[in-house]
Amino acid sequence: MNTTLKDIIERRSIRKFKTDEVPHALIDKVIEAGLYAASGKGKQSPIIVAVTNPDLRARIARDNCRIGGWEEGTDPFYGAPVILIVLAPKEGHTSVQDGSLVLGNLMLAGHALGLGTIWINRAKEEFEEPFYQKLLKKLGIEGAYIGVGHCALGYRSGDLPKPPARRANRVYYVS
């Protein structure tokens, strides 16, 4: 089977990560794949904020937990040491779609490189808060952005989950 198709079929959301640091060279490869995602009119407008700083990662996890309404101390990122946050311009016509394609590429690239990934939501709510607006300014990011999602990234702890059976009656042909 073609390796791309194999990766698409075998990739799974990982919900338990090792604390092992991910080498920056691997993170950069995953990010590069994200930057090659298709985008409306080829504008390449989504951006990625790569978080490897443990203190900022902990802050994001606490805020994400609060926004999600979970019990304090819950880690919505399942222990992954890296969070890749995808943002897109608020005013773009295909911003969320473009950012979603970036996240898909990040997850597939992570899997292809032997890493685990999972898409975590609530980036939209996070990046509406003053702390995250200030973070973007501190990073030199100008303009209004919407948080599309987070890609938690790291080495999985345990076996790759088995895929559930695919539901029937989801494809319709018009010939």
Measure across [X] and [Y] and return the closest heavy-atom pair with its distance rounded to 0.1 Å.
X      : Y     : value
Ala50  : Leu84 : CB-CD2, 3.6 Å
Pro76  : Cys65 : CG-N, 3.8 Å
Gly116 : Ile14 : CA-CG1, 3.6 Å

Query raised in the report: What residues form a side chain to side chain contact (heavy atoms under 4.5 Å, CB included) with Ile9, not counting sequence neighbours?
Result: Met1
Requested in this report: Going by the salt bridge (Lys or Arg N to Asp or Glu O under 4.0 Å) test, name the single residue among Lys16, Arg62, Arg57 that passes it with Asp75.
Outcome: Arg57
Query raised in the report: Salt-bridged, Glu126 to Arg122, with N to O below 4.0 Å?
Result: no
Query raised in the report: Is the shortest distance from a Lys or Arg side-chain nitrogen in Asp55 or Arg59 to a carboxylate oxygen in the other one below 4.0 Å?
Result: no
Query raised in the report: With sequence neighbours left out, what residues match Glu128 under salt bridge (charged side-chain N to carboxylate O under 4.0 Å, His left out)?
Result: Lys124
Query raised in the report: Are Val82 and Val30 close enough that some pair of their side-chain heavy atoms sits under 4.5 Å apart?
Result: no
Query raised in the report: So do Val49 and Leu87 actually touch side chain to side chain, heavy atoms under 4.5 Å?
Result: yes
Query raised in the report: Which residue pairs satisfy the ring-ring contact (aromatic ring centres under 6.0 Å, His included) criterion with at least one member in residues 100-128, sequence neighbours excluded?
Result: Phe127-Tyr132
Requested in this report: Find out if a path of hydrophobic residues (ILVMFWY) with successive side-chain heavy-atom gaps under 4.5 Å connects Ile85 to Leu103.
Outcome: no
**Report entry** Rounded distance (nearest 0.5 Å) linking atom CG of Asp63 with atom CD1 of Ile60
**Finding:** 8.0 Å
